[in-house]
Protein chains: 2
Amino acid sequence: MAQTRAPRADAVRNRKKILDAAREQITLHGPDAGMDEIAAAAGVAVGTLYRHFPTKTDLVAAVVAEYTTHVAEAAEAARERLASGSRAVDEISDFLAHVTEATATNHAVKAAARTLGADPVDRDAEARAGAALAALIQAGQADGDIHQDVTVDDIYLLFSTAPTDQPPAARARWLSLVLTGLTTHTRTANAKPAS
Amino acid sequence: MAQTRAPRADAVRNRKKILDAAREQITLHGPDAGMDEIAAAAGVAVGTLYRHFPTKTDLVAAVVAEYTTHVAEAAEAARERLASGSRAVDEISDFLAHVTEATATNHAVKAAARTLGADPVDRDAEARAGAALAALIQAGQADGDIHQDVTVDDIYLLFSTAPTDQPPAARARWLSLVLTGLTTHTRTANAKPAS
DNA sequence: GAGTAAGATGAACTTCGGTTCACTATCTAT
DNA sequence: ATAGATAGTGAACCGAAGTTCATCTTACTC
C-alpha cells in the first residue's frame, strides 16, 4: 500500500516559500493580507497557493501550527534544562518571556486565525507543551517558588491574553505583574532573579 | 450662531434603536454582522443607518463610546463609595470584576473596532475613568493593600487583555490571579475579602 | 530522451458586503 | 392647514477578495 509517491522537489520548495510568505505578510498587513499578496510575496501564482492550501483558513491554520510546534519545543527545552541544575522558576520566567515575545510577533497571525474559524490546533504539540509545563510547575512548587494552587491551565489562561500590540517595555511590565501572581517572590525579585 | 435646529423626534428615536441593534448584532454575530442585518434588527432601512453613521466604522466607534462612558461612570461611582467608608481594595476588586464582565459581553464589539480602524476613543470618558482609578489606587496604597509600584497604566495594561471568550469560572480565576499581582493579599484573601 | 503525471499559471468568475441616491414619507414651524 | 426642510426607504452599484479551471511547464520514471 505504498501508493502516494514522493512529492516533486519544486512542490516542496514552494510549499515552504508560501508558508514563509504567509507568515510575513499576515504579520505585516494583518488578517487583511490577500491571497494575491501572499502569492506575490512567495513568488508564486495564486493557483499554486491553492494547490497547497485549498482555502485561506487552511493556510492560516498551517502557519499557526508552526508556531504551536515552536512553543512546544521551547517548553520541552526548558524542562530539559532542569536536569542541568537550573531553577524551575527561572526557566518558567524565561519561557513565558519568550512566549510573550513570540506571541507579540505572531499577533496578527493569531488574529487572522480567529477571524476565520479558530481551527484544529496541533493537539499533539499542545499536549507536549502541557506536559513539559506541568513538570516545570511541579518543580517550582517543590522549590517553594511557585504558589501551590497554580496549574497549567492558569498559565494558558494568562498567556492566551498576553498583550501583543504593546511596546516591549509594556510587555515586560505585564510579564512582571503576572509573574507576581504566580510566584512567591516580590516584584523586584522577579525583575532580577538570582543568577 | 444658533443655527442647527433641534433634531426631529423620530430621528432621535431611530438613532437609539440603531445603536442598540448594532451592539446586539455585533455581540451576537461578531464583526461580520452586516449593515443590512443591523438595519433589519433595528427595524430601519439601510439608508437610515447611513444617515446617522456615514460609515460602519463610525457606527462601531459610537457603540464603543457608549461602553467607555459606562466604564468611566462605574469608576467614578466606585470612588464616590470611598466616602461612605468602604475599603479601596474592595472597590477596585469589584470594579475590575465588573469591567471584566462588561468586556466579556462587549468582546465582539471591541474586536470589530480593531478590525476596522481602532478609533477616536472618547478621550473625555477615558480621562474621567483614569482620574477616579488613580484616586482608588492611591487610597488602596495608603491602606497598605495595594503594592506601592502599581499605577493606572498597569491596570489598563492588564485589563486591555482581559479574557473575553472564556467561561465565567475561567474569568473569575483570571481576575484572582491578576489581583494577586496587584495587592499585598494572598489568593484566599482576594476570593473572600473581609466584609 | 520520450512519455506522463504532478505541478504551476493567471485571467476570469463569484460572492458578498459596504455604500449611494433618486424618490417618498414625515415632522414641525408658521 | 400648508410648506418645506428633515428624515426614511431600498434597489442598485461597486470594488474587493477568495476561488476556479483550462492550459501550459516541469520534474521524475523507464
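Sequence lines set the chain letters: A, B, ... in the order given, protein chains first and strands last, and positions in each chain run from 1. Source: prediction; values computed, not measured.
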Donor-acceptor under 3.5 Å (A:S93 side chain, A:L179 main chain) =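 Looks like no, no N/O pair under 3.5 Å.
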Heavy-atom donor-acceptor pair, B:T68 side chain to B:V64 backbone, under 3.5 Å =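 Side chain of B:T68 to backbone of B:V64, a donor-acceptor pair under 3.5 Å: yes, one is there.
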Whole angstrom is fine here: how far is it from [atom1] in [X] over to [atom2] in [N]?
| X | N | atom1 | atom2 | value |
| --- | --- | --- | --- | --- |
| A:R13 | D:dT26 | CZ | C1' | 10 Å |
| A:R15 | D:dA27 | CZ | P | 19 Å |
| B:D10 | D:dA5 | CG | P | 17 Å |
| A:D58 | D:dG18 | CG | P | 13 Å |
| A:K17 | C:dG7 | NZ | C1' | 13 Å |
| B:I26 | C:dG18 | CD1 | C1' | 14 Å |

Can you tell if the side chain of B:L19 reaches within under 4.5 Å of the side chain of B:V63, non-hydrogen atoms only?
->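 Side-chain contact under 4.5 Å: yes.
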Taking OP1 and OP2 of D:dA7, is either one under 4.0 Å from a side-chain nitrogen or oxygen of B:N14?
->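 So the side chain of B:N14 is outside the cut-off, no N or O lying under 4.0 Å from OP1 or OP2 of D:dA7.
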Under 4.0 Å: is that the gap between some side-chain N or O of B:T55 and OP1 or OP2 of C:dG18?
->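 For C:dG18, neither OP1 nor OP2 has a side-chain N or O of B:T55 closer than 4.0 Å.
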Could you work out which one of C:dG7, D:dG18, C:dG18 sits closest to the side chain of A:K56?
->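 So the side chain of A:K56 is nearest to D:dG18.
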Testing B:V152, B:L96, B:V71 for side-chain contact (heavy atoms from CB on, under 4.5 Å) with B:L133, which one passes?
->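 Answer to the side-chain contact (heavy atoms from CB on, under 4.5 Å) test with B:L133 among B:V152, B:L96, B:V71: B:V152.
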Are B:T151 and B:Y156 close enough that a side-chain donor and a side-chain acceptor fall under 3.5 Å?
->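 The criterion, which ignores hydrogens and geometry beyond distance, is not satisfied for B:Y156 and B:T151.
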Within residues 34-52 of chain A, find the residues that approach DNA chain C with a heavy atom at under 4.0 Å, and present them sorted by residue number.
->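 Heavy-atom contacts with DNA chain C come from A:V44, A:A45, A:V46, A:G47, A:T48, A:R51, A:H52.
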Taking salt bridge (Lys or Arg N to Asp or Glu O under 4.0 Å) as the test, write out the residues that go with A:D20, two or more places apart.
->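 Partners of A:D20 by the salt bridge (Lys or Arg N to Asp or Glu O under 4.0 Å) criterion, ordered by chain and then number, come out as A:K16, A:R23.
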What about B:R8, does its side chain sit under 3.5 Å from the base of C:dT28 through a donor-acceptor pair?
->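 No such pair is found, so the answer is no.
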